[in-house]
Amino acid sequence: MHAVQDKWLPIWDELAPFRSGRPDDTRPTKYVLDMFPYPSGDLHMGHAEAYALGDVIARYWVHKGFNVLHPIGWDAFGLPAENAAIKRGEDPKSWTYENIAMQKSSMRRYACSFDWDRVLNTCDPEYYKWNQWLFLQMYERGLAYRKNSAVNWCPSCQTVLANEQVVGGLCERCDSQVTKKKLNQWYFKITDYADRLLEDMSELEGNWPEKVLLMQRNWIGRSTGAEVSFDIEGRDEPVVVYTTRPDTLYGATFFVVAVDSDLAASLAAGSESEAEFNTYLNQVKSTSEMDRLATDRPKTGVFLNRYAINPVNGERLPIWASDYVLADYGTGAVMAVPAHDQRDLDFARTFNLPVRVVVESETDPAETGEATADDGAHVNSGPLDGLGKAEAIAKMIDILQGEGRGKSATNYRLRDWLISRQRYWGTPIPIIHCPDCGEVPVPESQLPVVLPDAAGLDLSPKGESPLGAADEWANVPCPKCGIQARRDSDTMDTFVDSSWYYLRYLNPQLDTAPFEKAEANRWLPIDQYVGGVTHAILHLLYSRFFTKVMFDMGLVDFKEPFTRLLNQGMVVMDGSAMSKSRGNLVRLSDELDAHGVDAVRLTMVFAGPPEDDIDWSDVSPGGAKKFLARAWRLSGDVNSAVDIDFATGDLALRKVTHKAMADSELALESNRFNVVVARAMELVNATRKAIDSGCGSADAAVREATHTVAILLSLVAPYTAEEMWARMGYEPSVALAPWPIADPALLVEDETECVVQINGKIRKRLQVPPTISEADLRELAMSQENVIAEIAGREPKVVIVRPPKIVNIVLG
RNA sequence: GCCCCCGUAGCCCAAUCGGUUAGAGGCACACGACUUAAAAUCGUGCCAGUGUGGGUUCAAGUCCCACCGGGGGUACCA
């Protein structure tokens, strides 16, 4: 195997079949993108699957005559490098670049069809300069801003955690219970794009997995309803609440504000409940995320000794503070309608508050403890009485609007994207804090703000970014007024890096702009994106957001970055995800050593549909290896002249060959790559048979069939395919061979079998021409002897004729 | 809790629109040929009526309903 590698890698380097974008290249373009890897150690089985699949697509399109852009790079900033550095006293930079070199050499061995002239690393200043530039563009547009907010905090790691790093209320790294902490942090205003992120999904419908679109829809979580303004006794300012059920306003019996909101604090201030409120607030603050997540936790709260006035009937509603209302959704306050909202009902039952039904239903929520949220006729609701839900909502909004007490409103589950990280190994945020001028953007001419050397910095977690301790780096004059100021010491979330990297591949060395617009319009949007479903929400949502921002900035002319998305499954072992601690880790390098690159790639592709998980204990790389050897042997048997006319070949084998071409193409276009492999196996079997006991090895059809096998196999087993190609006397590389086009004349059968059923039971099989007309087939079927006998003169109720496959005669 | 997806031979998987008696391919297994023998190779065979129960239809693995089993997403979003 090493010999084969040593032979072909230099040839591929020389021929560069996958180099894209020469200026004189007139082929139409395709952009195939694999999600770029994080350089933590060598490639693993998951990479091997993903890259095998991306390669099938890229190589297929090259065969089809496209100019294919298939780049690779490294998502090289991030916490694992920093942790490894702390553990070993090493520089994150050297750790990262060593891993990149290792992965790159594994990818070359794995024969990935990447364009090696376009490699990028996100930790290179040439790359992250443009993160900073994009940040400043967004800052100018008001899309990057700083706010104080309660964020996830790991008390052990002493750092902020992203939502995705909180797993079941625990820190994903150290399993400590995560708490909330109020911090001043940078955000991207992704919520401004919530509607467009939802609406543009219609473009992706059918080309992205339905599951991913659904997950994004749920994550954005648009809901419609109304804002209603409530006066508060003894307070000048009214309080606005958001509700999806304004129609149930007559059923409101109390009012709840989020205990950790500023509103709650201001309502409690000076009331006789203030002390009790503070005790409760402290208790809630010390509750871990873990406990907060428990769904059946009993309701808790404190009465604030204040009242809100229901705008439709003037009733006094007691105001409570509770932690079941979220401070950062809607307005942090709700009207409570216990009869028709389960949470409100649970609260009402805990604190003995009244329940008033305003939508008719068969059961009584006060008795059953089950709130009724369904549609029904309204009662006890003044002007809404008798109306159904939809009409009642519309009418209530009309009434409120007329009185200036409310209006229709929309809310989202989606929150703004917190991008600050108190970490070293990331992109420095290009802002300088000046005692006089405040936040001052770093002037474009001073970009990039390069990370200070890790040497001499204490990278261990201590609650603030290690960058702050690099005094020489941090202390700079204010760009505006020149007095002593300090750089922002936080770095950006690494998801910023990956939100636009696919554009940087177009020209990774460009130092005047993040990318060229003309190139972007030439290559993008990406024709096929391949990656794991783990990024269904975060990365894919952030990238869509960035693309829309760049569209608004005039940097690109498209609104969606990824036209088609394929989520490959995971490679598991014995039914569960591989992990060292579980003891079921399969090392890619071991598999490659044992079976060879081609056999591992073939196994990955053949195991099943690309979206399905592969259980490595279910598949057989040994079997794949045997098949490849069997295919390879065909090429040694071919002994016809290189330029023999295929048309002179054995008709039966030619038909099988051309059927395989047509079927494979169909399967490739719909990502059924496992079926392509099956077709290749079928063709190999048929060719073997033809050689051993059919037309013989000298027949032109054998050469044509083997030629086709080599091209089909070149998608998954490039070394074997090249060996076959060379052995048959072709050159220079099968990767450059044009895709074989099936001859329609060889695809039609002369005769096909048609069944004649009577009452669904098969009574006769006929050989008919595939082009037979409905009338002819009906007549032929009805004139069959045993059919006539079976009908026995009765009048068929109906005769279904579906030429050329089936006739069904239904008797009464 | 809510939302979504999936159940086809011992195992992994095929099966355009609903259309022949569910089978392309592979794994495993068994047998035969070759061999002194084994490996390799070549060949042959093997096995389910599509999770369960209903429904629609001339016709259901495919469409609809309910249930069972497995997997995923989300987490008090008013």
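Below, read A as the first sequence line, B as the second, and so on, with proteins coming before strands; counting in each chain starts at 1. The structure presented is a predicted model; accordingly, all values stated were derived computationally and were not measured.
- Using a 4.0 Å heavy-atom distance criterion, A:N685 is classed as a sugar-phosphate-only contact.
- Every residue two or more places apart in sequence or in another chain was checked for a side chain to side chain donor-acceptor pair (under 3.5 Å) with A:S229, and none qualifies.
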Between the protein and nucleotides 57-60 of chain B, list the N/O to N/O atom pairs that are separated by less than 3.5 angstrom.
from, atom 1, to, atom 2, distance (Å)
B:C58, O2', A:N808, ND2, 3.4
B:C58, O2, A:N808, ND2, 2.7

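- Every residue was checked against the salt bridge (Lys or Arg N to Asp or Glu O under 4.0 Å) condition with A:R413, not counting sequence neighbours, and none meets it.
- In this structure, the nucleotide among B:U20, B:C13, B:C76 sitting nearest to the side chain of A:K299 is B:C76.
- The base-pairing partner of B:A39, taking Watson-Crick or G-U wobble contacts with both distances under 3.5 Å, does not exist among the strands shown.
- Rounded to whole Å, atom P of B:C13 lies 9 Å from atom CG of A:D615.
- The side chain to side chain donor-acceptor pair (under 3.5 Å) check on A:E753 picks up A:R765, with sequence neighbours excluded.
- Residue A:F627 is out of contact with every strand shown, counting any heavy-atom pair closer than 4.0 Å.
- In this structure A:D637 satisfies the side chain to side chain donor-acceptor pair (under 3.5 Å) test together with A:R688, sequence neighbours excluded.
- Side chain of A:D375 to main chain of A:K389: a donor-acceptor pair is present (N/O by atom type, distance under 3.5 Å, no hydrogens or angles).
- Rounded to an integer number of Å, the gap from CG of A:L249 to C1' of B:A78 is 13 Å.
- For A:Y193, the ring-ring contact (aromatic ring centres under 6.0 Å, His included) partners at least two apart in sequence or on another chain are A:F545.
- Within the structure, side chain to side chain donor-acceptor pair (under 3.5 Å) contacts touching residues 624-634 of chain A (residues at least two apart or in different chains) are A:R630-A:N685.
- Under the Watson-Crick or G-U wobble criterion, with both distances below 3.5 Å, B:G10 is paired with B:C27.
- Separation of the P atoms belonging to B:U50 and B:A39 is 39 Å when rounded to the nearest angstrom.
- Rounded to whole Å, the separation between the C1' atoms of B:C2 and B:U8 comes to 31 Å.
- Residue A:R630 has a polar side-chain atom (N or O) positioned under 4.0 Å from OP1 or OP2 of B:G43.
- For the pair A:N759 (side chain) and A:V810 (backbone), a donor-acceptor distance under 3.5 Å is absent.
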- [ ] Sugar-phosphate means primed atoms, P, OP1 and OP2; the rest is base. With that split, encode nucleotides 4-9 of chain B 5' to 3' as B, S or - using protein heavy atoms under 4.0 Å.
- [x] S-----
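- Rounded to whole angstrom, the span from the CD atom of A:E210 across to the P atom of B:G72 amounts to 20 Å.
- Base pairing of B:A22 is not made with any nucleotide, judged by Watson-Crick or G-U wobble geometry with both donor-acceptor distances under 3.5 Å.
- Pairs of residues two or more places apart, or lying in two chains, that qualify as salt bridge (charged side-chain N to carboxylate O under 4.0 Å, His left out) and include a residue from residues 599-613 of chain A are A:D55-A:R601.
- The A:D692 side chain lies nearest to B:C42 when the options are B:A14, B:G26, B:C42.
- Using a distance-only test at 3.5 Å, with no hydrogens or angles considered, no donor-acceptor pair links the side chain of A:D341 to the main chain of A:A371.
- Checking B:C17 for Watson-Crick or G-U wobble geometry (two distances, each under 3.5 Å) identifies no partner in any strand.
- Taking the C1' atoms as reference points, B:A28 lies 39 Å from B:C64, given to the whole Å.
- Of all nucleotides listed (B:U74, B:G25, B:C27), B:G25 comes nearest to the side chain of A:A678.
- Whole-Å rounding puts the A:D637 CG to B:U41 C1' distance at 12 Å.
- With a glycosidic angle no further than 90° from 0, B:C17 counts as syn.
- For B:C67 and B:G73, the C1' atoms lie 23 Å apart once the distance is rounded to whole Å.
- Taking atom P on both B:A9 and B:G23, the two are 14 Å apart, rounded to the nearest angstrom.
- In this structure, A:Y324 does not reach the B:A78 phosphate: none of its side-chain N or O atoms is under 4.0 Å from OP1 or OP2.
- When atom types are taken as modelled, the side chain of A:S670 and the backbone of A:L666 share a donor-acceptor pair closer than 3.5 angstrom.
- Considering only side-chain atoms of A:S620, the nucleotide from B:C27, B:U20, B:A24 that sits closest is B:C27.
- Against the 90° criterion about 0, the sugar-base torsion of B:G49 places it in the syn range.
- As rounded to the nearest Å, B:A14 and B:C58 have C1' atoms that lie 27 Å from one another.
- The nearest whole Å value for the distance from the CG atom in A:D346 to the P atom in B:A78 is 16 Å.
- A:S223 has a side-chain polar atom (N or O) that falls below the 4.0 Å cut-off from OP1 or OP2 of B:A78.
- Contact annotation: A:R672 side-chain N/O to B:A15 OP1/OP2 distance is under 4.0 Å.
- Looking at the side chain of A:K626, the nearest of the listed nucleotides B:U41, B:C42, B:A14 is B:U41.
- Residue pairs that meet the salt bridge (charged side-chain N to carboxylate O under 4.0 Å, His left out) test with at least one member in residues 239-258 of chain A, sequence neighbours left out, are A:R245-A:D247.
- When heavy atoms are screened at a 4.0 angstrom cut-off, A:R415 is found touching base atoms of the nucleic acid.
- Within 4.0 Å (heavy atoms only), A:R633 reaches sugar-phosphate atoms of the nucleic acid but no base atom.
- Base contact: A:E753 has a heavy atom under 4.0 Å from a base atom.
- Using cut-offs of 30° and 60° for the angle between ring planes, the A:F351 and A:F347 rings count as tilted.
- Distance noted for atom P between B:G49 and B:A30: 24 Å (whole Å).
- If you take atom P in B:A40 and the same atom in B:C47, they sit 25 Å apart, rounded to whole Å.
- Between A:Y242 and A:G225, the closest heavy-atom pair is OH-N, 3.5 Å.
- A:D374 pairs by the side chain to side chain donor-acceptor pair (under 3.5 Å) definition with nothing, not counting sequence neighbours.
- Nucleotide B:A78 holds its P atom 10 Å from the CG atom of A:L326, rounded to whole Å.
- In this structure, B:U74 and B:G1 make a Watson-Crick or G-U wobble pair, each of the two defining distances being under 3.5 angstrom.
- A heavy atom closer than 4.0 Å to some atom of RNA chain B occurs in A:L666, these being the qualifying members of residues 659-668 of chain A.
- Picking from B:A78, B:G19, B:G26 the nucleotide with the shortest atom distance to the side chain of A:K805 gives B:G19.
- Figure legend: A:K299 and A:Y324 shown as a cation-pi pair, the cationic atom lying under 6.0 angstrom from the six-membered ring centre and within 45 degrees of its axis.
- Distance, A:L602 CG to B:C27 C1': 13 Å, rounded to whole Å.
- Of the candidate nucleotides B:G73, B:U44, B:A78, B:U44 has the atom nearest to the side chain of A:K689.
- One interatomic measurement links the two molecules: CD1 of A:I393 to C1' of B:A78, which rounds to 13 Å at whole-angstrom precision.
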